[in-house]
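Contents: one structure, followed by commentary.
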Amino acid sequence: TGVGCGPFALSGTQITDLFNRANCTSSCGSGQGLGPLYTVTDGTWSIPSTQKQVTFVQGSDSFASAVRTNETYSNDQYAVATFISSTNPQAGVGVRMSSSVETGYFCYGNTSASYLQKIVAGTATNPGSPATGPGLVSGQTLKLQVVGTALTCSVNGVPIITGTDA
């Protein structure tokens, strides 16, 4: 599970990727190890031994971002992932992401805290309240949903950070 594996539309075609395939090593395009359906805007991504998870190495700005670019999405979106405690300092999901620059809304965290952030060209701001949420536990489901200007970061279906943004 890594920051930015989304987005998904609230209605219409739903996209699911279990990452239960080998790491892409040829004809991967800009999706690196995730494959040609993704575009990596920061960091290095891979799928370790078809383990139904992704791993990433953060870029110099302490973020890693990959967006699925094979489909067209409406503005109302959500993304869901299962948090797996790992050596990665933080992991999560993103929506309304750009495929050309590190931009979008992200709900992510580690075992100490969770965050809801808007990132524009690599610069993060906090549109939510509270500014940080609880730490995450391996096996918890992390979800970020955006409907209109409303943002909701949830763990196991319970909102932990909410906010609005124009």
Side-chain angles (χ1 to χ4, degrees), residues 1-24 31-35 37-59 61-71 73 76-97 102 104-119 124 126-147 150-163:
T1 22
V3 174
C5 292
F8 303 102
L10 288 172
S11 62
T13 304
Q14 302 298 303
I15 307 302
T16 300
D17 193 337
L18 299 177
F19 301 103
N20 57 350
R21 61 185 174 279
N23 192 50
C24 185
Q32 299 175 8
L34 299 179
L37 300 180
Y38 290 84
T39 298
V40 172
T41 57
D42 196 14
T44 304
W45 291 77
S46 63
I47 301 172
S49 304
T50 65
Q51 294 178 8
K52 296 185 180 181
Q53 66 182 25
V54 296
T55 60
F56 58 90
V57 176
Q58 296 171 324
D61 62 356
S62 298
F63 291 104
S65 174
V67 60
R68 186 165 167 132
T69 52
N70 197 50
E71 300 83 17
Y73 305 101
D76 293 344
Q77 304 170 4
Y78 72 93
V80 180
T82 301
F83 180 77
I84 299 172
S85 196
S86 68
T87 57
N88 291 327
Q90 301 175 111
V93 293
V95 296
R96 291 188 184 167
M97 297 171 60
E102 192 175 31
Y105 295 99
F106 299 88
C107 176
Y108 65 94
N110 55 30
T111 56
S112 299
S114 52
Y115 309 91
L116 171 60
Q117 290 194 322
K118 176 182 180 179
I119 300 176
N126 295 321
S129 179
T132 61
L136 303 173
V137 176
S138 185
Q140 288 183 320
T141 300
L142 186 64
K143 179 179 181 179
L144 175 57
Q145 182 169 336
V146 58
V147 177
L151 307 163
T152 305
C153 178
S154 303
V155 172
N156 292 340
V158 178
I160 56 169
I161 307 172
T162 60

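Atom OG1 of Thr162 sits about 12.5 Å away from atom CD of Gln145, to the nearest 0.5 Å. With rounding to the nearest 0.5 angstrom, the CG atom of Leu136 is 8.0 Å from the OG1 atom of Thr111.
Within the 4.5 Å cutoff, side-chain heavy atoms of Leu144 are placed close to those of Leu116. With a 4.5 Å cut-off on side-chain heavy atoms, Cys153 and Leu142 count as touching. Counting heavy atoms from C-beta outward, Ile161 and Ser114 have side chains that approach closer than 4.5 Å. With a 4.5 Å cut-off on side-chain heavy atoms, Gln77 and Tyr105 do not count as touching.
Considering all non-hydrogen atoms of both residues, Leu151 and Pro127 come closest at CD1-CG, 3.8 Å. Closest approach of Lys143 and Val93 over heavy atoms only: C-CG2, 4.3 Å.
With sequence neighbours excluded, no residue forms a side chain to side chain donor-acceptor pair (under 3.5 Å) with Asn156.
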